[in-house]
J.: 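Below are the structure tokens for one structure; questions will follow.
Only a predicted model underlies this, so the values are computations on that prediction, with no experimental measurement involved. Remember, it's 1-based here, ligands and their atoms both numbered in the order they're listed.
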Amino acid sequence: MVENFSEWFHDILEEANITDSRYPIKGMAIWLPYGFKIRKYMLEKIKELLDKDHDEVLFPLLVPEGELAKEGEHVKGFEEEVYWVTKGGKNDLNEKLALRPTSETAIYPMYALWIRSHIDLPIKYYQVVNTFRYETKHTRPLIRVREITTFKEAHTAHATKEESDEQIEDFIEIYKEFFDSFGLPYMISKRPIWDTFPGADYTMAFDIIMPDGKTLQVGTIHNLGQTFAKTFNITFEDKDGEHKYVYQTCAGVSDRVVASIIGIHGDEKGLRLPPMVSPNQVTIIPILFKKGKEEVMAKCEEIKNDLESAGLRVNIDERDIRPGKKFYDWELKGTPLKLEIGPRDLENNITIAMRRDDGEKVEIALDDNLVDNVKDLLEKYDENLSKTAWDFQAEHVKFTENMDEIKGLIEAGNVVSFNWCGDDECGKKIEEETGYDILGIIDDAEDGAKCILSGDDAKYLTLIAKTY
Ligand code: PR8
């Protein structure tokens with residue numbers, strides 16, 4: 001694991017051509033080509049999962065002040081973070097326009113127009129947009145940005161509470177599959193009431209332990225109940241002819257998913273990308289001498305074609321630089337599998353394969369089984385990344401029944417689980433006394449368990465951590 005994570009993370013973004021943060025507005029950066037591809041494959045996965053029963057839409061960026069201000073709790077939660085557009089050219093606008101910090105107040109007035117009858121329900125829409133939040137906490141590339149460039153937000157409306165609860169479960173399953181496909185471990189918890197999304201009944205969150213022991217909230221799912229429905233008057237005529245308010249949910253992930261992929265799997269040599277998002281899954285490095293150059297190149301092309309026909313993303317590094325430098329570069333960029341071929345390998349009808357995770361070299365015959373052998377190596381690599389990451393998480397969640405131990409455990413890079421009575425005041429006191437954040441409830445407490453602070457009967461097994 002890398003020593004100084006913050007510095008490593010900052011450097012790797014630049015060295016691996018992920019983002020450039022030198023743009024002259026704080027918290028806003030440029031996606032560079034290699035990073036943009038990782039982002040693209042990440043988005044393809046979430047879209048693939050959602051497209052099964054959600055529809056993609058696209059709403060405007062600007063939200064009229066009147067709409068943003070309608071839902072009291074919601075606007076209170078965001079008022080410190082909103083960027084405002086007040087002028088069109090030299091003219092003052094009649095109404096201030098907000099750059100969406102999230103799109104509830106853009107989308108729900110339209111839901112009120114579209115939803116008439118029970119046959120219009122459920123509505124399950126999502127969009128992938130940029131959102132703007134004037135974050136006051138320390139900004140960090142991909143992790144806490146002021147322009148969230150990759151905000152996937154889903155918004156659903158349902159006829160019954162039961163259906164909206166089911167939707168929450170569906171989102172949890174979708175996010176599990178999503179994070180699993182990148183080998184990312186996660187902890188799912190129900191946020192305490194004081195950390196619930198502004199306007200929501202309750203919030204379910206996915207958190208990841210970054211290598212420095214701090215947790216990153218990488219996805220959230222909110223049950224909005226009927227709060228927004230009542231504010232925006234989203235009603236429908238039910239089968240019994242009665243007019244009722246809809247039940248709503250929303251769910252979001254962001255640039256933080258890419259940050260997690262980089263942070264969780266990377267090592268001191270650079271990135272280790274899961275095949276799902278790696279711009280190249282296999283990189284072929286020809287070892288060229290004057291003699292036999294054409295034959296080696298022809299073989300590289302042939303292998304590339306075969307692998308591409310099998311659906312893999314492959315590149316040949318033909319640059320006129322030393323092979324050692326190429327190995328170093330692709331290690332840094334985290335290509336899962338490198339194939340090396342020189343004239344002698346060609347004579348022996350083999351290629352040397354090297355996995356990015358263990359660096360072990362294996363000979364693969366250049367025969368009909370090549371594609372299967374490569375796929376097999378990629379699969380093992382993928383499994384190993386995932387296993388290593390899940391093991392890291394398992395080793396870094398520590399249970400205690402003693403308030404005095406929380407600090408030491410967290411400062412040593414862990415997340416702490418403890419029993420809690422569930423009382424809000426008590427929860428806030430636990431946060432105050434330790435200086436850390438309660439992530440949320442992960443399970444019911446065992447029978448007879450006592451609250452770590454109040455000593456009362458514990459209701460929940462709960463997580464507390466140092467958070468990003
Ligand atoms: C919603 N409404 O907005 P949420 N930089 C990077 N990622 C961020 C940042 C930031 N400054 N702020 C939040 N995120 C709901 C659900 C529509 C969709 C990421 O929820 O405010 C976090 O991973 O919880 C967060 O979980 C996710 O966006 C959704 O934001």
J.: Determine, for Tyr134 and Arg146, whether the Lys NZ or Arg CZ falls below 6.0 Å from the six-membered ring centre while staying within 45 degrees of the axis.
T.: yes

J.: So is there a nitrogen or oxygen of Phe78 less than 3.5 Å from a nitrogen or oxygen in ligand 1?
T.: no

J.: For the NZ atom on Lys124, are there more than 12 heavy atoms of other groups (residues, nucleotides or ligands in this structure) within a distance under 6.0 Å?
T.: yes

J.: Heavy-atom distances under 4.0 Å are what count here, so tell me which part of Arg133 touches ligand 1: side chain, backbone, both or neither.
T.: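 The side chain, only.
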
J.: For atom 23 (O) of ligand 1, what is the closest protein heavy atom, and at what distance to 0.1 Å?
T.: Gln217 O, 2.8 Å

J.: Taking 4.0 angstrom as the limit and counting only heavy atoms of Gly219, give me the atoms of ligand 1 inside it, by number and element.
T.: 23 (O), 26 (O)

J.: Is it possible for you to check whether Arg356 lies under 6.0 Å from the centre of the six-membered ring of Trp330, through NZ or CZ, and within 45° of that ring's axis?
T.: no

J.: Examine Ser254 against ligand 1 and note whether any of their N/O atoms are separated by less than 3.5 Å.
T.: yes

J.: Looking at ligand 1, would Phe151 count as a contact under a 4.0 Å heavy-atom criterion?
T.: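 Yes.
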
J.: Would Lys152 count as a contact of ligand 1 if the rule is a heavy atom under 4.0 Å away?
T.: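 The answer is no, since Lys152 has no heavy atom less than 4.0 Å from ligand 1.
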
J.: Step through the shown structure and confirm whether more than 12 heavy atoms of other residues, nucleotides or ligands are within 6.0 Å of CD on Glu95.
T.: yes

J.: Answer yes or no: does atom NZ of Lys45 have more than 12 heavy-atom neighbours from other residues, nucleotides or ligands under 6.0 Å?
T.: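 Yes - once you tally the heavy atoms of other residues, nucleotides and ligands closer than 6.0 Å, there are more than 12.
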
J.: Is the cationic atom of Lys466 (NZ for Lys, CZ for Arg) positioned less than 6.0 Å from the six-membered ring centroid of Tyr436 and within 45 degrees of its normal?
T.: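 No; the conditions do not both hold, so Lys466 does not lie above the ring face of Tyr436.
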
J.: Tell me if the aromatic rings of Trp84 and Phe132 count as close, with their centers under 6.0 Å from one another.
T.: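 Centroid distance Trp84-Phe132: not below 6.0 Å, so no.
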
J.: Please state which protein non-hydrogen atom is closest to atom 1 (C) of ligand 1 and give its distance, to 0.1 Å?
T.: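 Going by distance alone, atom 1 (C) of ligand 1 is nearest to Phe197 CE1, 3.3 Å.
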
J.: Both conditions, 6.0 Å and 45 degrees, for the charged tip of Lys333 above the ring of Tyr34: are they met here?
T.: yes

J.: Assess the pair His155 and Tyr108: is the distance between their ring centroids shorter than 6.0 Å?
T.: yes

J.: By number and element, which atoms of ligand 1 are closer than 4.0 Å to a non-hydrogen atom of Val218?
T.: 23 (O)

J.: Does only the side chain of Arg146 get under 4.0 Å from ligand 1, or the backbone, or both, or neither? Count heavy atoms.
T.: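 It is neither; nothing of Arg146 touches ligand 1.
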
J.: Under 4.0 Å from any heavy atom of Glu153, which atoms of ligand 1 are there?
T.: 17 (C), 18 (C)

J.: Under 4.0 Å from a heavy atom of Glu135: which atoms of ligand 1 are those, numbered in the order shown and with their elements?
T.: 10 (C), 11 (N), 12 (N)

J.: Ignoring angles and geometry beyond distance, decide whether Arg144 reaches within less than 3.5 Å of ligand 1 through its nitrogen or oxygen atoms.
T.: no

J.: Nearest protein heavy-atom contact for atom 5 (N) of ligand 1: which residue, which atom, what distance?
T.: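 Among all protein heavy atoms, the one nearest atom 5 (N) of ligand 1 is Val145 N, 3.2 Å.
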
J.: Specify side chain, backbone, both or neither for Ala154, according to which of its non-hydrogen atoms lie closer than 4.0 Å to ligand 1.
T.: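 Near ligand 1, Ala154 shows nothing, with every heavy atom at 4.0 Å or more.
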
J.: So with a 6.0 Å cut-off around NZ of Lys26, is the heavy-atom count from everything else above 12?
T.: yes

J.: For ligand 1, which atoms sit closer than 4.0 Å to a heavy atom of His222?
T.: 1 (C), 4 (P), 15 (C), 16 (C), 20 (O), 24 (O)

J.: Going by heavy-atom distance to atom 17 (C) of ligand 1, choose the closest among Leu142, Thr102, Thr149.
T.: Thr102

J.: In terms of atom number and element, which parts of ligand 1 are under 4.0 angstrom from non-hydrogen atoms of His155?
T.: 17 (C)

J.: Side-chain contact, heavy-atom cut-off 4.5 Å: Tyr111 with Gln248?
T.: yes

J.: Suppose we measure from atom 29 (C) of ligand 1 to each protein heavy atom; which comes out shortest, and what is that distance?
T.: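 Looking at atom 29 (C) of ligand 1, the protein heavy atom closest to it is Thr220 OG1, 3.3 Å.
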
J.: Can you report which non-hydrogen protein atom sits closest to atom 2 (N) of ligand 1, along with the distance?
T.: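 It is Glu104 OE2, 2.6 Å.
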
J.: Could you tell me the residue and atom name of the protein heavy atom closest to atom 10 (C) of ligand 1, and the distance to it rounded to 0.1 Å?
T.: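 Minimum-distance protein heavy atom for atom 10 (C) of ligand 1 reads Ile148 CD1, 3.6 Å.
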
J.: Test of understanding: given a 4.0 Å heavy-atom threshold, classify the contact between Ile143 and ligand 1 as side chain, backbone, both, or neither.
T.: backbone

J.: Distance to the ring centre below 6.0 angstrom and angle to the axis at most 45 degrees; does that hold for Arg100 and Phe151?
T.: no

J.: Can you confirm whether or not the ring centre of His54 sits under 6.0 Å from the ring centre of Phe171?
T.: yes

J.: Show me which atoms of ligand 1 lie under 4.0 Å from any heavy atom of Cys250.
T.: 2 (N), 15 (C), 16 (C)

J.: Check this for me: does any side-chain nitrogen of one of Asp240 and Lys244 sit under 4.0 Å from a carboxylate oxygen of the other?
T.: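 Looking at Lys244 together with Asp240, the answer is yes, because their closest N to O distance falls below 4.0 Å.
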
J.: Is the closest heavy atom of Asp255 to ligand 1 under 4.0 Å?
T.: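 Flag not set, Asp255 not near ligand 1.
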
